[in-house]
Visitor: 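Got a structure for you, written out below as structure tokens; questions coming shortly.
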Amino acid sequence: MKEPLSVEGAAAILAQARAMQMAGSLESAATMYKEVAALSDDKNSVIASVEGLQACGKETAAIIAIEDALNRWPISPMIIMRAVTSYESMGNPSGAARHLRTITQIFPDKARYWLRLGKAYAAAGNWQEAESAFAQTLALAPLDPAASIGRGDVLVHLKRIDEAIVCYRRIARILPDHAEATLKLGNLLSAVGDFSEAIRILRIAVANQPKSATAHIILGSTLHYAGRTEEGLALCRKALSLEPNLGVARESIGILLLESGHINEATEILAKVDRANASIPGLIAMYTVARLAENTDGAERTLQSLLTLNPQHSEARHLLAALHREPLSQPVPGFVESIFARLAHRYDQRMTSELAYQMPQSIASALSKVREQGPSFSRWLDLGCGTGLMASALNGIITGEEKIGVDISETMLNVARRKNIYSRLIHRDVNDALPEIEGGFDLITAADVLPYFGILTELFTGIAAHLTAEGVFACTYEHSPDGQFRLSSSGRFSHSPTYVKNTAMSAGLKILSSEPTTLLYDSGEEAAGFIGLLSPIT
């Protein structure tokens, strides 16, 4: 075994190694750095050798050297933090977090170490641990902006939205000029539908950052979702003038034009977006305009780009199947939850304004006629309740206190919870939830739910099992002129009246009424369908 190197000996070898490194002889230099790391008893020399190995591109050897050093000096803050930096430079946040956990045990009252631990856990996707580390940082340094923002970001991942808003709001209140805090706060307020407060906050962000294209885009999108599309478009166009090559600005303008029914303008501007660098919402918008133009090749290329970005993206997989007219009997798993998670923050505005959706009100009118002389509805189950549009329309028709909503999208349910209009909300797929719900209901509704089902047998059977003898099932469905059901290029299923009637009868339900109507207008397309009222066969 070689003798340990003296400080002087280590310094001499390090000097030689640096000379070799400067001359481009990286392998020879790395060999010398390894020798110092293995034989020196001087911490500074070991750290210098680790830095040298990294400079030579020998990241793995550097990690081996620093871990060996930790075996010799397990509680040396200098060595521990060098290990942290090494793992961070390798893009290994889990390794960094392991050593940061040790340093927080040595210095439990040092907020900076807890903050760095929180960031490492967050980078590794360990959200619960990250939230705990950021919370400890704030316990030690309550006004630390980075900790508040970091905790807010983690809480968003954990879907604890109200708590995240509190984190961002704290910093925005203390430091109103803090760009990141105001943007995150405004964006999140917009996501939960608090548009007036979001606009106020985001106007501050734009005033503080008049050259920020991002601030203009977020404010512009929020104005659009609040029903002020022209103002929103003006802000997004300003963003594009600030950064002419900013693809996200062009995407945002295209999406806003598409959603507000300006199809030709949307098509023109989205055609200038580089598909290879587009975001997921941008690609979905590009798919939509290609589909509306019956450009099947362009639509398919866009979806393939989306799948390159995210091979498991359920919305893209489902839309690709729809484009190819594959004989699906149900949506691709994850499709429904994905689409409503994306749309939840602007769902009410989109449905009522952009899509002219009035089905909840039409269902309420039909139900009022059915029960003019009969008993009122006391126990109600709202399938696919979403954000609660149906509940708002039925206010005054339901006399009982039990109002249960079921939806597959937790994001949509978060919006509904803020309205406080249901006695209970269940986050489940409708078919999975029905067998677990107890008791009978004299009203079950499913507004804009059947278009996300192919085969209706299981759904109708589950509904029939929960209807009281005089109960009513109210639903809407898109019209398919022939056959049983079919999947359109929009990704929605349509059903023939004959199929709905026969499936209902097989489940023990009869048709009380079936009224033809226009369900909604999507990107300029009219979705024709029916409002159906059904009851048990007695």
Side-chain angles (χ1 to χ4, degrees), residues 183 186-187 190-191 202 205-206 209-311 313 315-320 322-324 338-339 342-343 345-346 349-350 353-355 489-491 521-525:
L183 280 179
N187 200 31
S190 175
L202 290 168
V206 169
Q209 307 166 77
K211 301 297 184 183
S212 169
T214 300
H216 283 77
I217 290 168
I218 295 174
L219 175 57
S221 297
T222 300
L223 285 164
H224 164 66
Y225 299 144
R228 295 154 64 176
T229 295
E230 291 306 316
E231 287 183 77
L233 281 169
L235 266 294
C236 289
R237 289 185 173 115
K238 177 64 181 297
L240 196 57
S241 71
L242 290 168
E243 293 190 43
N245 296 321
L246 187 63
V248 68
R250 191 169 281 110
E251 280 186 24
S252 298
I253 296 171
I255 291 169
L256 267 59
L257 287 167
L258 176 63
E259 291 176 350
S260 55
H262 301 292
I263 310 301
N264 292 336
E265 291 178 78
T267 302
E268 183 180 349
I269 196 162
L270 288 170
K272 299 175 183 177
V273 175
D274 181 4
R275 191 185 292 116
N277 296 317
S279 68
I280 287 176
L283 287 167
I284 290 173
M286 292 162 70
Y287 162 79
T288 302
V289 296
R291 175 178 65 81
L292 292 173
E294 298 183 355
N295 179 2
T296 303
D297 289 343
E300 179 164 356
R301 283 197 303 271
T302 302
L303 291 176
Q304 293 294 356
S305 295
L306 206 162
L307 287 170
T308 299
L309 196 62
N310 180 357
H313 197 273
E315 197 170 343
R317 290 168 55 224
H318 179 84
L319 291 173
L320 194 60
L323 194 66
H324 290 161
S338 171
I339 193 171
R342 179 170 58 84
L343 298 174
H345 68 292
R346 57 187 176 88
Q349 168 66 22
R350 170 180 165 81
S353 296
E354 297 165 16
L355 306 186
S489 59
S490 68
Y521 294 87
D522 191 358
S523 301
E525 289 188 317

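Heads up: numbering here begins at 1 and tracks the sequence.
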Visitor: Please report the closest heavy-atom contact between G220 and L235, naming both atoms and the distance.
Guide: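 For G220 and L235, the tightest heavy-atom pair comes out as CA-CB, 3.7 Å.
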Visitor: Would you say I263 and L257 make side-chain contact, with heavy atoms under 4.5 Å?
Guide: no
Visitor: Are a donor atom and an acceptor atom from the side chains of E300 and H324 found within less than 3.5 Å of each other?
Guide: yes
Visitor: Tell me, with the steps shown, if L202 and V206 meet side-chain contact (heavy atoms from CB on, under 4.5 Å).
Guide: CA-CA 6 Å; L202 290 168; V206 169; 5.5 Å; no
Visitor: Please round to the nearest 0.5 Å and tell me the distance separating atom CZ of R301 and atom CG of L283.
Guide: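 Those atoms lie 13.0 Å apart.
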Visitor: How long is the straight-line distance from CZ of R237 back to CD1 of I269, given to the nearest 0.5 Å?
Guide: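 With rounding to 0.5 Å, CD1 (I269) is 7.0 Å from CZ (R237).
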Visitor: Can you name the closest pair of heavy atoms from L319 and L303 and give their distance?
Guide: C-CD1, 3.7 Å
Visitor: To the nearest 0.5 Å, what is the distance between CG (N187) and CD1 (I218)?
Guide: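 It comes to 4.5 Å.
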Visitor: Check step by step if side-chain contact (heavy atoms from CB on, under 4.5 Å) holds for T229 and L223.
Guide: CA-CA 6 Å; T229 295; L223 285 164; over 6 Å; no
Visitor: Grab the two heavy atoms, one from I217 and one from A239, that are nearest each other, plus how far apart they are.
Guide: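 Shortest heavy-atom separation between I217 and A239 comes out as CG1-CB, 3.6 Å.
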Visitor: Mind running side-chain contact (heavy atoms from CB on, under 4.5 Å) on R291 and N295 for me, showing each step along the way?
Guide: CA-CA 6 Å; R291 175 178 65 81; N295 179 2; over 6 Å; no
Visitor: Assess whether side-chain contact (heavy atoms from CB on, under 4.5 Å) is satisfied between R250 and L246, documenting all intermediate values.
Guide: CA-CA 7 Å; R250 191 169 281 110; L246 187 63; over 6 Å; no
Visitor: Hey, what do you get for CG (L320) to CG (L307), rounding to the nearest 0.5 Å?
Guide: 6.5 Å
Visitor: Got H224 and L233 here, is their nearest side-chain heavy-atom distance under 4.5 Å?
Guide: no
Visitor: Is it true that, when you exclude E268 itself, more than 12 heavy atoms of the residues, nucleotides or ligands shown sit nearer than 6.0 Å to its CD?
Guide: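 No.
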Visitor: Count the heavy atoms of every other residue, nucleotide or ligand shown that sit under 6.0 Å from CG of N310, and state whether that count exceeds 12.
Guide: yes
Visitor: So, for P210 and H216, which heavy atoms are closest and what is the spacing to 0.1 Å?
Guide: O-CE1, 3.2 Å
Visitor: Nearest heavy-atom pair of S221 and C236: which atoms, and what distance?
Guide: N-SG, 4.4 Å
Visitor: Within this structure, what is the OG-CD distance for the pair S489 and E294, rounded to the nearest 0.5 Å?
Guide: 8.5 Å
Visitor: Work out which heavy atom in T222 is nearest to a heavy atom in S190; give both atom names and the distance.
Guide: OG1-OG, 3.2 Å
Visitor: Using modelled atom types only, decide if a donor and an acceptor are shared between the side chain of H313 and the backbone of L309 within a distance under 3.5 Å.
Guide: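 No.
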Visitor: Working to the nearest 0.5 Å, report the span between CG of L270 and CG of L258.
Guide: 7.0 Å
Visitor: I'd like to know if the side chain of E251 reaches the main chain of S279, judged simply by a donor and an acceptor atom lying under 3.5 Å from each other, with no hydrogens or angles considered.
Guide: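 Checking the backbone N and O of S279 against the side chain of E251, a donor-acceptor pair under 3.5 Å is found.
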Visitor: Does a side-chain heavy-atom distance below 4.5 Å link L183 with Q209?
Guide: yes
Visitor: Do the side chain of H318 and the main chain of G491 share a donor and acceptor less than 3.5 angstrom apart?
Guide: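 Yes; judged by distance alone, with no hydrogens or angles, the pair exists.
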Visitor: Side chains of Y287 and L306: does their closest heavy-atom pair fall under 4.5 Å?
Guide: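 No. Closest side-chain heavy atoms not under 4.5 Å.
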